Amino acid sequence: EPMVVVLNDNEMSITKNVGGMARQLTKLRLKPGYFKLKKVYHNVVNHIPGGKGINKLLTNFKNKIREISVPGTFFEELGFRYLGPVDGHDISKVQSLLLHAIELKEPVIVHVTTKKGKGYRFAEENPSKFHGVSSFDALTGEGMPSKDSFSSVFGDKICEVAIKNDRVVAICVAMYLGTGLHDFSRKFQHRFFDVGIAEGHAVTMAAGMAKQGLRPVVAIYSSFLQRAYDQIIHDVAIPNLPVVFAIDRAGLVGEDGETHHGVFDIGFLSDIPNMTIMCPSSFAELRAMLDTAFTLNAPVAIRYPRGGEGIYRGINFAEQFKNSTSPDVNFITYGIMVNEAINAKKILENAGKIVNIIKIDTVLPLDFTSLHIDKNALVVTLEDSVGVLAKHLPSAVHIDCGGVFVRHGTMSQLYKSLGFDGQSIAERILRELQKT
């Protein structure tokens with residue numbers, strides 16, 4: 001059946017094709033006359049005595065030459081016609097090749113090569129740095145002074161842990177800068193492994209290392225971890241191996257885009273036996289949780305968001321926010337959503353309501369009987385994910401990402417649209433209280 005598949009070969013991760021033969025044959029295949037001549041040739045040769053045998057002989061010879069000089073033989077052996085590679089920044093060439101691909105009336109692979117950061121010199125020279133950026137000076141390419149983030153705190157802490165424990169190794173999937181492992185990769189070169197865009201391999205590799213007595217840390221974005229779901233279950237959880245998953249970009253990621261929101265990890269991880277899930281609300285908690293993770297002889301996932309910590313910056317929430325007896329509202333939350341719970345609490349208290357906040361540090365395993373939830377209060381769960389608390393507290397009011405794909409937008413826009421900001425939460429709670 002006719003089908004056109006576009007294969008994008010980006011120079012950041014795949015090397016360029018080399019050789020004059022490949023370039024010249026590609027140029028020839030881009031010319032309309034080539035396809036017309038080829039069609040006429042086949043019609044003529046197939047209608048002369050012995051023509052089909054000659055055609056087969058020449059086709060085999062052509063394929064042997066192509067195997068030596070032209071990429072794409074793999075696809076053609078699978079039944080695809082291979083066209084390219086073509087410069088993906090030359091729009092006219094790409095259009096021309098796509099039109100020819102459509103005319104062929106058969107399955108076609110169109111190989112398009114692009115350059116990361118094309119058109120902006122600083123991005124071309126340092127594509128990893130400009131993969132995801134905050135504010136920067138467009139004239140110099142220099143970023144604005146950056147503050148600490150959960151990623152940078154993780155990177156500093158894992159270096160500290162590695163100094164004390166020589167069995168600690170770190171694995172990432174082509175994101176050592178984004179996950180905060182830059183310093184680790186320099187200080188512990190023989191204990192750092194960037195496996196490229198191969199999440200499943202990263203997890204299985206970590207399992208093998210753990211089996212041999214090492215303490216591997218897999219630093220990975222939440223949205224990419226779902227690619228390794230099978231390996232997490234079969235290779236890590238079933239044998240109950242001590243692999244630490246440092247899950248960056250958990251929750252909403254703002255302008256990183258729709259496909260990068262880390263809202264599903266806690267949903268699929270919470271159903272896996274032997275797994276422990278921790279959710280820090282502050283930098284101090286992240287450091288403490290990493291220390292704890294290396295004392296456990298089982299899989300541990302620590303999920304934290306993109307960016308900074310927000311209002312709450314402590315390590316003992318219960319001491320800072322002592323709960324009252326006979327509250328009107330009980331918030332139950334984890335991670336940085338505690339910041340919005342604090343905002344909502346202030347607004348509700350100004351409206352004369354008594355509000356308690358129950359902050360969960362370890363989401364799995366979790367004994368709900370130990371949370372001391374007031375049965376007479378309105379119970380509200382706050383989660384910047386698909387929502388796992390709803391399974392345990394079905395009668396509560398649930399504010400989470402369940403049932404929708406979160407779109408692109410700034411964090412403030414997304415929080416407002418989803419009703420995650422303190423003001424929206426407080427307004428919804430006041431409406432709920434009026435019903436009772």
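Here, residue 1 is the first one in the sequence, and each next residue gets the next number. Everything numeric in this text was worked out from a predicted model, so none of it was measured.
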* Asked: Between CD of Glu103 and NZ of Lys105, what distance do you get to the nearest 0.5 Å?
  -> 8.0 Å
* Kindly say whether Val243 contributes a backbone atom to a donor-acceptor pair with the side chain of Arg215 at under 3.5 angstrom? => no
* **Check: Lys116 and Glu124 side chains under 4.5 Å, non-hydrogen atoms** => no
* Asked: Ring centres of Phe184 and Phe188 under 6.0 Å apart?
  -> yes
* Asked: Does Val112 reach the side chain of Pro85, with side-chain heavy atoms less than 4.5 Å apart?
  -> no
* Asked: Is a side-chain N or O of Gln231 found less than 3.5 angstrom from the main chain of Val203, in a donor-acceptor match?
  -> no
* Structure fact -> Output for pair (Tyr312 OH, Ile357 CD1), nearest 0.5 Å, gives 11.0 Å
* **Near-ring test His261/Phe405, centroid separation under 6.0 angstrom** => no
* Donor-acceptor contact below 3.5 Å, side chain Thr204 vs main chain His201 -> no
* To do: Mark yes or no for whether Asp384, through its side chain, and Met337, through its backbone, hold a donor-acceptor pair below 3.5 Å.
  => no
* Are the side chain of Thr410 and the backbone N or O of Gln413 linked by a donor-acceptor pair below 3.5 Å? -> yes
* Main-chain N/O of Ile399 paired with Glu383 side-chain donor or acceptor, under 3.5 Å -> no
* Please examine the side chains of Ile373 and Val379, heavy atoms only from C-beta on, and report whether any two atoms are closer than 4.5 Å. => yes
* To do: Go through the steps to decide whether Ile342 and Phe317 satisfy the test side-chain contact (heavy atoms from CB on, under 4.5 Å), and finish with yes or no.
  => CA-CA 11 Å; Ile342 294 171; Phe317 187 86; 4.2 Å; yes
* Structure fact -> Exactly one of Thr179, Val173, Val253 clears side chain to side chain contact (heavy atoms under 4.5 Å, CB included) with Tyr221, and that residue is Thr179
* State whether the side chain of Thr333 and the backbone N or O of Leu382 hold a donor-acceptor pair below 3.5 Å, judged by distance alone. => yes
* To do: Please name the pair of heavy atoms, one in Asn165 and one in Arg191, separated by the smallest distance, quoted to 0.1 Å.
  => O-NH2, 2.8 Å
* Is Arg287 close to Val153 at the side-chain level, that is, under 4.5 Å between some pair of heavy atoms? -> yes
* Asked: Side chains of Leu378 and Asp328: does their closest heavy-atom pair fall under 4.5 Å?
  -> no
* Gap between atom CG of Leu252 and atom NE2 of His260 - 0.5 Å precision -> 14.0 Å
* Asked: Backbone N or O of Ala162 within a donor-acceptor pair of the Asp166 side chain at under 3.5 Å?
  -> no
* Decide yes or no for Leu290 and Ile302: does some side-chain heavy atom of the first lie under 4.5 Å from some side-chain heavy atom of the second? => yes
* Considering all heavy atoms, the nearest Ile332-Leu389 contact -> O-CD1, 3.8 Å
* So Glu349 and Lys345, salt bridge (Lys or Arg N to Asp or Glu O under 4.0 Å) or not? Walk me through it. -> CA-CA 6 Å; Glu349 286 178 341; Lys345 174 184 172 76; 3.0 Å; yes
* Between Phe150 and Tyr304, what is the ring plane arrangement, given parallel below 30°, perpendicular above 60°, and tilted in between? -> parallel
* Hey, does Leu181 have a side-chain heavy atom less than 4.5 Å from the side chain of Phe154? -> yes
* Asked: Is the His182 ring parallel, tilted or perpendicular to the Tyr176 ring (thresholds 30°, 60°)?
  -> parallel
* Asked: Nearest 0.5 Å, what's the CG-CE distance between Leu286 and Met289?
  -> 8.0 Å
* To do: Report the C-alpha separation of Glu106 and Phe80 in whole Å, then their side-chain angles, then the decisive distance to 0.1 Å, and conclude whether the side-chain contact (heavy atoms from CB on, under 4.5 Å) test is met.
  => CA-CA 8 Å; Glu106 60 181 303; Phe80 287 88; over 6 Å; no
* Distance-only, no hydrogens or angles: does the Asp271 side chain make a donor-acceptor pair with backbone N or O of Phe268 under 3.5 Å? -> no
* Which is it for Phe245 and Val236 under the side-chain contact (heavy atoms from CB on, under 4.5 Å) test, yes or no, and what are the steps along the way? -> CA-CA 11 Å; Phe245 295 97; Val236 177; 4.2 Å; yes
* How long is the gap from CG on Leu348 to CD1 on Ile354, to the nearest 0.5 Å? -> 11.5 Å
* Measure across Thr114 and Gly88 and return the closest heavy-atom pair with its distance rounded to 0.1 Å. => CG2-CA, 3.9 Å
* Could you tell me which non-hydrogen atom of Glu285 sits nearest to which non-hydrogen atom of Ser281, and how far apart they are? => OE1-N, 2.6 Å
* Is Asp265 reaching over with its side chain to a backbone N or O of Ile247, donor-acceptor style, under 3.5 angstrom? -> no
* For residues Tyr334 and Ser385, determine if any side-chain heavy atom of one lies less than 4.5 Å from a side-chain heavy atom of the other. => yes
* Is there a donor in the side chain of Tyr415 and an acceptor in the side chain of Glu340, or the other way round, less than 3.5 Å apart? -> no
* Asked: About how many Å separate CZ of Phe224 and CZ of Arg249, when rounded to the nearest 0.5 Å?
  -> 9.0 Å
* Stepwise side chain to side chain donor-acceptor pair (under 3.5 Å) test for Asp90 and Ser92 -> CA-CA 6 Å; Asp90 189 325; Ser92 62; 2.8 Å; yes
